[in-house]
Protein chains: 2
Amino acid sequence: MKTKRPTLYDVAREANVSYQTVSRVINDKAHVSEETRERVQKAIKTLGFRPNRAAQIMQTERSDTIEVVLFYSGFNLFLYEMARIVQQLGYHFVISAITDADFARTLESAASRFVDGLIIVPDTRLRGGYEELKALTGGIPFIQVGAPLGASVPSVIYDQVQGARLATQHLIDLGHQNIAEISGPLRNQDGYDRHNSWMATLREAGLEAGISIESNFTIDGGYQAMRHLLESGAEFTGVFIANDSMAFGAHTAIREYGLRVPDDISIVSFDDIPESAHFVPGLTTVRQDFNLLGRMAVEYVVDLIENPNTAIHQRVLQPKLIIRESTAALTDQRVNLTR
Amino acid sequence: MKTKRPTLYDVAREANVSYQTVSRVINDKAHVSEETRERVQKAIKTLGFRPNRAAQIMQTERSDTIEVVLFYSGFNLFLYEMARIVQQLGYHFVISAITDADFARTLESAASRFVDGLIIVPDTRLRGGYEELKALTGGIPFIQVGAPLGASVPSVIYDQVQGARLATQHLIDLGHQNIAEISGPLRNQDGYDRHNSWMATLREAGLEAGISIESNFTIDGGYQAMRHLLESGAEFTGVFIANDSMAFGAHTAIREYGLRVPDDISIVSFDDIPESAHFVPGLTTVRQDFNLLGRMAVEYVVDLIENPNTAIHQRVLQPKLIIRESTAALTDQRVNLTR
DNA sequence: TGAAAATTTGTGAATGCTCACATATAATTC
DNA sequence: GAATTATATGTGAGCATTCACAAATTTTCA
């Protein structure tokens, strides 16, 4: 026997006021005397009343919800902080983990659910620009996490080009001449940017681009890629690995091959996830502060939501090279001839 | 100029049918001729109509939403798979990351948002039983992830007691007599269960419980705890560390202290996160399959939602000991006298 | 072929709330 | 103390849908 939930009217009757007064109370509006406010509040408690959110949303066309749309490719590290900030700012936090096929549909459906703001985390380089996304989202304020530097979309990014440059240049500075790469997926924006920056940095230093294998940002992907690298017969003494996870896997492959890091091969990676500092050897890597990234993303959408004349722009964070034990000067390395 | 969204009526007019027929079409109901169905569909496309979810939810009192309520203590590994399955089954996925204070409020608000099912992930041992939670959730089907074995709440759990027993017994089997522990927070159900099981296993083997330090499941927590352990002057050759993250940190502390794993100290931990296999030395650890756990949790709530006479029960998964290189037989270890 | 059954379409009412406005009451001013 | 302003409360309408039923049309088959 499901007893019906009490409504505004039930409360009104109980407190002997009009339903409108009750509405004022639950929305914390002015023009209610302290006395009646208390009476209403008591009635609410007595009846166990809770406003019907669906009705409220229908009326106000606001759901106090921020939705994160991301592709199903591993939960992103910044989600953690996003959830926290979103709730702190009084919004609900919805995650849609989707595949490519659902992208347009998900964005469109957001409007019909009265989502107030959208944080889009693509896993591939999006072809369309701002206008295209704007059309899809049907006027909901949105930002993108990760985008090319200088993109016209409202976005929050870490400068990937700079990050990969830092990593590659570090290897060059240590005297390495043959620098290989395990890249992320090139269809992924970050993977693409890091890869190109690795090449560009090498070129600018007057070095040949070494061998490069495209992988998938996973531990196992890194392991496989490094095996290929080692078995390819290519010469290299340093490797730029496009993220820490792949570096873990790659390291295992190097050890299995009978070589050592950094004695035989230096590796630099990207992200600085918490494990990297405690890895043996400690990973030299390019740090991105994911908490910060998440927080900035949320703050930006909320800005857009609450302050409609916020200018569309890009917020660019600079990554930082963290030097640990996985890289060494070439002169200190034994020459790599075990093959 | 915000042009109003088209409604059922607009579509009805465009397609020259009644609004009810349009409703039938968008809900894929029977009793609509193929011809009119197509006509309506065309009208929907022409006008760019999308049903107003808020109105639908208000009417049906269903939101097709499953909410995960978890405490703000790091994103849990099973979230990934949960998101996937939830969406695969046609529900929306909402995450509420909360602190203790918000618990009751969040559960209560779920009803007013017409959440269809709740997955509760406590970070502390919940005092109340099934009835208490049931009262809070106001009749929404819910399950809990993590609970004491034998609890009356509908729950999906890994048998923590068995897991910690496996780990501890492994150390005992290797000949270790002085077995210390870095535990998780004891207010946490898993932390509590693992700790007690470590003690019980030792007792049953006729051994004294070694020194134990309570920590917080983080890398740094593990690091600090191991330092305390080492500086305490206590004798131990094996340590049960309540999760892999703490083991990473603990390993760093051991190395800094000039000792080696497993030569001087054997460590077993818990979880088997992907990094553990690639750690050096590979971590001997108790594996929990978080994807499986996530999937089972979702399937259970959906069962409860869609099939109201599903019996309340507990689904218990058994963890598995994965032996790698962080443990060794006592006889193979050099005696630990470096102190 | 015609009555019964099945299918297709339509109408009225309800859902629980907020907005815009109207009215009543109290406080302020000259 | 009447006129003005501010504050407190109430009323009507509407938001976009679905449910339950009624009406119209088509199909079935004795």
Side-chain angles (χ1 to χ4, degrees), chain A residues 2-41 43-44 47-64 108-116 138, chain B residues 2-41 43-44 47-65 108-109 111-116 138:
Chain A
K2 60 164 57 170
T3 103
K4 270 227 302 275
R5 299 163 45 98
T7 74
L8 221 45
Y9 296 89
D10 299 322
V11 176
R13 195 174 326 111
E14 173 84 14
N16 230 289
V17 292
S18 78
Y19 54 84
Q20 185 51 236
T21 302
V22 178
S23 172
R24 289 197 184 92
V25 171
I26 63 178
N27 290 308
D28 257 322
K29 294 218 170 152
H31 303 305
V32 180
S33 72
E34 198 46 46
E35 190 211 5
T36 41
R37 187 180 298 272
E38 267 166 28
R39 190 148 36 92
V40 170
Q41 232 122 33
I44 288 176
L47 299 179
F49 166 80
R50 307 213 118 240
N52 180 322
R53 282 296 294 154
Q56 290 184 316
I57 292 169
M58 184 166 134
Q59 259 295 321
T60 60
E61 310 212 324
R62 297 198 83 229
S63 67
D64 296 327
E108 283 166 14
S109 107
S112 64
R113 288 177 287 125
F114 299 102
V115 167
D116 296 308
Chain B
K2 60 165 58 172
T3 104
K4 268 229 301 279
R5 298 162 46 96
T7 74
L8 268 187
Y9 295 90
D10 299 321
V11 176
R13 196 174 325 111
E14 173 84 13
N16 230 288
V17 294
S18 76
Y19 54 83
Q20 184 53 235
T21 301
V22 179
S23 172
R24 288 196 184 96
V25 171
I26 65 179
N27 290 308
D28 257 321
K29 293 219 171 150
H31 302 307
V32 179
S33 72
E34 197 47 44
E35 190 211 4
T36 42
R37 185 180 299 272
E38 267 166 29
R39 191 147 37 93
V40 170
Q41 232 122 31
I44 288 177
L47 299 179
F49 166 81
R50 305 215 118 238
N52 180 322
R53 283 295 294 154
Q56 290 184 316
I57 293 170
M58 185 166 132
Q59 259 295 324
T60 60
E61 310 212 324
R62 298 197 85 228
S63 67
D64 296 327
T65 296
E108 284 166 14
S109 106
S112 64
R113 287 176 289 125
F114 299 103
V115 167
D116 296 310

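In the text below, chain A, chain B and the rest are named by the order of the sequence lines, each starting its count at 1. The figures that follow rest on heavy atoms only: side chains count, while hydrogens, waters and symmetry mates do not.
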What's the [atom1]-[atom2] distance between [X] and [N], to the nearest Å?
X        : N       : atom1 : atom2 : value
Asn52(A) : dA16(D) : CG    : P     : 16 Å
Arg5(B)  : dT17(D) : CZ    : C1'   : 12 Å
Glu34(B) : dT26(D) : CD    : C1'   : 17 Å
Arg53(A) : dT18(C) : CZ    : P     : 9 Å
Lys29(A) : dC21(C) : NZ    : P     : 14 Å
Arg13(B) : dA16(D) : CZ    : P     : 12 Å
Asn27(B) : dC19(D) : CG    : P     : 7 Å
Asn16(B) : dT8(C)  : CG    : C1'   : 15 Å

Among the nucleotides [options], which one has an atom lying closest to any side-chain atom of [X]?
X        : options                   : answer
Thr7(B)  : dT17(D), dC17(C), dT18(C) : dT17(D)
Leu8(A)  : dT11(C), dT18(D), dT18(C) : dT18(C)
Ser33(A) : dG10(D), dC19(D), dT9(D)  : dT9(D)

Comparing Arg24(B) and Met58(A) on DNA chain D - which has the more 5′ nearest nucleotide:
Met58(A)

NA contact type, Phe49(B), heavy-atom cut-off 4.0 Å: base, sugar-phosphate, or nothing?
sugar-phosphate

NA contact type, Gln20(B), heavy-atom cut-off 4.0 Å: base, sugar-phosphate, or nothing?
base

Would you kindly compare Arg50(A) and Tyr19(B) by the position of their nearest DNA chain C nucleotide and give the one closer to the 5′ end?
Tyr19(B)

Is there, by distance only and without an angle test, a donor paired with an acceptor across the side chain of Tyr9(A) and the base of dC17(C) below 3.5 Å?
yes

Could a donor-acceptor pair under 3.5 angstrom be found where the side chain of Gln59(B) meets the base of dT15(C)?
yes

Distance under 6.0 Å and angle within 45° of ring axis: Arg13(A) vs Phe49(A):
no

Compute both the distance and the angle, then confirm whether Arg5(A) meets the cation-pi test with Phe114(B): under 6.0 Å from the six-membered ring centre, within 45 degrees of the axis.
yes

